[in-house]
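This report concerns only the one structure given below.
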Amino acid sequence: MKTIYIVNNSTYRPAVAFEDKERAEAVCAMCGGSVEEVQVLDAAPSMVDFLKDMDKALEERKACGACDGEEGESDGV
């Protein structure tokens, strides 16, 4: 789960969502309105998680000898 902060009922329309609570509160202070905290599912992996998974896949590929100068088609990894 991930938390986002929505500024609504302000002079700025439509409502605006932020990942950072301080930014939402700053916009709320400038434009009025209220900050609503909402829980959402974060289905996308972070870039750090993605790169860790890629590094792990490359290490596994090296360990099995898939990159030992073999010519031909890739196995898609």
Side-chain angles (χ1 to χ4, degrees):
M1 291 290 251
K2 185 178 194 177
T3 303
I4 62 170
Y5 304 91
I6 300 175
V7 178
N8 46 13
N9 299 327
S10 67
T11 56
Y12 180 80
R13 295 280 187 200
V16 183
F18 296 90
E19 289 186 37
D20 185 60
K21 186 175 185 176
E22 289 77 26
R23 288 185 183 180
E25 289 172 344
V27 169
C28 187
M30 289 188 305
C31 301
S34 61
V35 177
E36 181 182 349
E37 191 172 305
V38 178
Q39 296 288 320
V40 295
L41 290 175
D42 186 12
S46 71
M47 186 55 77
V48 172
D49 292 337
F50 175 76
L51 292 173
K52 284 180 182 178
D53 290 342
M54 288 299 296
D55 189 46
K56 181 180 176 184
L58 289 172
E59 289 300 319
E60 289 173 357
R61 186 174 176 161
K62 286 179 186 175
C64 74
C67 296
D68 291 338
E70 295 178 6
E71 297 289 329
E73 294 183 22
S74 171
D75 61 356
V77 179

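Small disclaimer: the values here were computed from a predicted structure and weren't measured.
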In terms of heavy-atom contacts, T3 and Q39 come closest through OG1-NE2, 2.8 Å
Between C28 and V35, what is the shortest heavy-atom contact and its length?
-> CB-CG2, 3.8 Å
Sorted by chain and residue number, the side-chain contact (heavy atoms from CB on, under 4.5 Å) partners of A17 (sequence neighbours excluded) come out as I4, I6
If you round to the nearest 0.5 Å, how far is CD of E25 from OH of Y5?
-> 8.5 Å
Contacts of E37 that satisfy side chain to side chain donor-acceptor pair (under 3.5 Å) - sequence neighbours left out | none
Please name all residues satisfying side-chain contact (heavy atoms from CB on, under 4.5 Å) with L51, sequence neighbours left out, ordered by chain then number.
-> M47
Could you pull out all residues at least two apart from D55 that satisfy side-chain contact (heavy atoms from CB on, under 4.5 Å)?
-> E59
Hits for side chain to side chain donor-acceptor pair (under 3.5 Å) against K2, two or more places apart or cross-chain, chain-then-number order -> E19
Besides V48, the hydrophobic cluster formed by Ile, Leu, Val, Met, Phe, Trp and Tyr side chains linked at under 4.5 Å, directly or via other members, contains none
For E60, what residues pass the side-chain contact (heavy atoms from CB on, under 4.5 Å) criterion, not counting sequence neighbours?
-> K56
Applying side chain to side chain donor-acceptor pair (under 3.5 Å), name anything that partners E36, two or more places apart in sequence or on another chain.
-> N8
Write down the atom of F18, the atom of V27, and the distance for their closest heavy-atom approach.
-> CZ-CG2, 3.4 Å
